[in-house]
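Scope of the values below: all heavy atoms of this structure, side chains included, with no hydrogens, waters or symmetry mates. Below, chains carry the letters A, B, ... as their sequence lines are ordered, and counting in each starts from 1. Nothing here was measured: the structure is a model prediction, and the numbers come from that model.
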Amino acid sequence: MTVRTRYAPSPTGVPHVGNIRTALFSYLLARRLGGQFILRLEDTDRARLVPDSIPKISESLQWLGLDYDEGPDIGGPYGPYTQSERLDQYQAAARRLIEQGDAYDCWCSSERLDAVRAEHQRLKQPPQYDRRCREDAGQAQAKREAEAEGRSPVVRFKTPREGTVTLEDPIHGSTPFDVATIDDFVMLKSDGFPTYHLAYIVDDDAMKITHVIRGDEWIPSAPRHLLIYGALGIEPPVLAHAPRILGPDGAKLSKRHGATSVFEYRDEGYLPEALFNFLGLIGWSLDDKTEIISKAEFIEHFSLERIVRNPAIFNAEKLQWMNGVYIREVIPEPDLVTMFVDRLEADFPPEIPRPIDRQLVAHVVPLIKERVKLLSEVPAYCDFFFTDNLSWSKEELLGKAYAGRPADAKAALGAVATSAVDVTWTHDDIEAALRSLADKLGAKAGDLFSLVRVAVTGKRVTPPLFESMEILGRERCLERLSQAASLVS
RNA sequence: GGCGCCAUCGUCUAGGGGCCUAGGACGCCGCCCUUUCAAGGCGGAGAUCGCGGGUUCGAAUCCCGCUGGCGCUACCA
């Protein structure tokens, strides 16, 4: 039997990093075992539906590199892959369960349900449905009331009053549950839509899903699911409950903790490869030391059994470090050039002419790749290559070394320009020339370099000076030197 | 209230009875390198393995209890 896993989010927004990690695990498992990974939309809650989140979900998956084999947008042999288009199947399953005596119509109003729940709570009893409609008499009465008010029924599962069901989970082992603590939960809502419990089971069965990986908040619901599988005569898939990802304060990861959606990470300049690596190592590890691991290696080694049980706090600093590793060590330079070009095109102010010179970027990449951790830092690091419109201030130019000595600074700048005229324009020769010039001027090399750095780049923090000057070219450097000189006087 | 899950450095984790005076990584601190910023190299601090009982010659590892954190207890997923 071929392994099939799925990611089945409800379209309520852009996927969350915490949530999408279960997709990543599902993807890895499918690829590891040579099966299929599919996307399905669980849009059965019309109240929470956010329509434009649907393309965002597929875009998030694609961006992260979680390519799926079947899905709402690409189809597949078991479609449709959107639950709102499969209503007849859930209704048929519910009908069948009613006919079998495993479910029943419940006509109770939500007002009554609330009252029952409140009463149970007041008496410190478990807040369960009181099963009024489970009995013919109660049901008949409730039905009369409901019809008078024009209400439709829900379908509830007729949970056995006693017994045990046992969840066998590859991550958690086996957990027995006493069925008596489970109430008669709703499977089909009065609007004809199923609840999660019914819908996912019917779909997974129809779509031949073999392994379900979901958050461990589902463990308490698992016995209900086991009961439905049993009543429907379905062999349950492997149910694996992965720990969740928490914010720094131990609370569920949310907006308060900073970036949470996949798009936010993309926009801040994280690389999908790095985020993939990072997420894959939360709750799963290869061994005691592997930190940088490719998708191919993940696929080669992934297993459910090595997923840990405890929840993890999202360590944003480590992700940033890892992103830096990808930029400076993992991504091949030509690919990096493309990423930088795209970033610059998008982020540079409109004054800087487009298109961005790819050749120039290719020269710049080696200089800055080891000093940026995020793509978003790239423009500020190299804008002076792409515009001659520098905006230094006199104070910045003089810096600490030349503060109060503008005349000396001007003289130094002039001398640099003079010696630059006939030096061979390579970074080594430029450096040699400036060092001996510093000597001649009786200045500390570092002080002179700083002055030149600001004059040529407009900033105090830059890529290596001489390499930058080489790339900039003699003419542009001379021009900037003279502009700077006239500014300090 | 009921039911359940979880528990190793601040964080992510390795570990599955002796290899553990607990290893790696991020972060932090110091030194080195150095034209700024990074990167890199070296070193350091940091966990009585939540607590208490067992079992065992021996426990971070197995068992029980407790505590703590979290989750579920919806016509949400």
For this session: Could you check which residues of residues 191-206 of chain A get a heavy atom under 4.0 Å from RNA chain B? Sort them by number, please.
Result: A:Pro194, A:Thr195, A:Tyr196

Problem set entry | G-U wobble or Watson-Crick pairing nucleotide for B:rC66 (cut-off 3.5 Å, both distances) | B:rG50

Using a cutoff of under 3.5 Å, can you pull out all pairs of nitrogen or oxygen atoms linking the protein to nucleotides 26-28 of chain B, with atom names and distances?
{"residue": "B:rC26", "atom": "O2'", "partner": "A:Lys318", "partner atom": "N", "Å": "3.1"}

Please list each protein N or O that sits under 3.5 Å from an N or O in nucleotides 1-5 of chain B, with the distance.
{"residue": "B:rG1", "atom": "O2'", "partner": "A:Lys124", "partner atom": "O", "Å": "2.9"}
{"residue": "B:rC5", "atom": "O3'", "partner": "A:His172", "partner atom": "ND1", "Å": "3.1"}

Exercise. With rounding to whole Å, what would you report as the distance between B:rA22 and B:rG46 at their C1' atoms?
Worked result: 13 Å

For this session: Looking at every strand, decide which applies to A:Pro463 at a 4.0 Å heavy-atom threshold: base, sugar-phosphate, or nothing.
Result: base

Exercise. Do the rings of A:Tyr200 and A:Tyr229 sit parallel, tilted or perpendicular, given the 30° and 60° boundaries?
Worked result: perpendicular

Exercise. Taking the six-membered ring of A:Phe157 as reference, does the NZ or CZ atom of A:Arg224 fall below 6.0 Å from its centre and within a 45° cone about the axis?
Worked result: no

Exercise. Using 4.0 Å as the upper bound for N to carboxylate O, is an ion pair formed by A:Arg132 and A:Glu145?
Worked result: yes

For this session: Would you mind classifying the nucleic acid contact of A:Lys289 as base, sugar-phosphate or nothing, using non-hydrogen atoms under 4.0 angstrom?
Result: sugar-phosphate

Exercise. Is there a Watson-Crick or G-U wobble partner for B:rA25 with both distances under 3.5 Å, and if so, which one is it?
Worked result: B:rU11

For this session: Would you indicate what A:Arg453 reaches in the nucleic acid, counting non-hydrogen atoms under 4.0 angstrom: base, sugar-phosphate, or nothing?
Result: base

Problem set entry | Residues forming a side chain to side chain donor-acceptor pair (under 3.5 Å) with A:Thr290, sequence neighbours excluded | A:Asp287

Problem set entry | Residue list, side chain to side chain donor-acceptor pair (under 3.5 Å) with A:Tyr196, at least two apart or on another chain | A:Arg214

Problem set entry | Residue pairs fulfilling ring pair (Phe, Tyr, Trp, His ring centres under 6.0 Å) with at least one residue in residues 434-473 of chain A, sequence neighbours excluded | A:Phe449-A:Phe466

Seminar exercise, completed: For B:rC3, the nucleotide meeting Watson-Crick or G-U wobble distances (both under 3.5 Å) is B:rG71

For this session: Give none if B:rG58 has no partner; otherwise give the nucleotide forming a Watson-Crick or G-U wobble pair with it, both distances under 3.5 Å.
Result: none

Problem set entry | Watson-Crick or G-U wobble partner of B:rC19, both distances under 3.5 Å | none

Problem set entry | ring pair (Phe, Tyr, Trp, His ring centres under 6.0 Å) partners of A:Phe386, counting only residues at least two apart | A:Phe348

Seminar exercise, completed: Those residues at least two apart in sequence (or on a different chain) that pass side chain to side chain donor-acceptor pair (under 3.5 Å) with A:Asp335 are none

Seminar exercise, completed: The correct set of residues in residues 153-164 of chain A placing a heavy atom under 4.0 Å from RNA chain B is A:Val154, A:Arg156

Problem set entry | Base-pairing assignment for B:rC42 (Watson-Crick or G-U wobble, both under 3.5 Å) | B:rG30

Problem set entry | Euclidean distance for C1', B:rC64 against B:rU21 (whole angstrom) | 30 Å

Seminar exercise, completed: Sorted by chain and residue number, the side chain to side chain donor-acceptor pair (under 3.5 Å) partners of A:Ser285 (sequence neighbours excluded) come out as A:Arg306

Problem set entry | Pairwise ring pair (Phe, Tyr, Trp, His ring centres under 6.0 Å) hits with a residue in residues 111-131 of chain A, at least two apart | none

Pull out every protein N or O sitting under 3.5 Å from an N or O of nucleotides 13-15 of chain B, one pair per line with the distance.
{"residue": "B:rU13", "atom": "OP1", "partner": "A:Gly283", "partner atom": "N", "Å": "2.6"}
{"residue": "B:rA14", "atom": "OP1", "partner": "A:Ser285", "partner atom": "OG", "Å": "3.3"}
{"residue": "B:rG15", "atom": "OP1", "partner": "A:Arg306", "partner atom": "NH1", "Å": "3.0"}

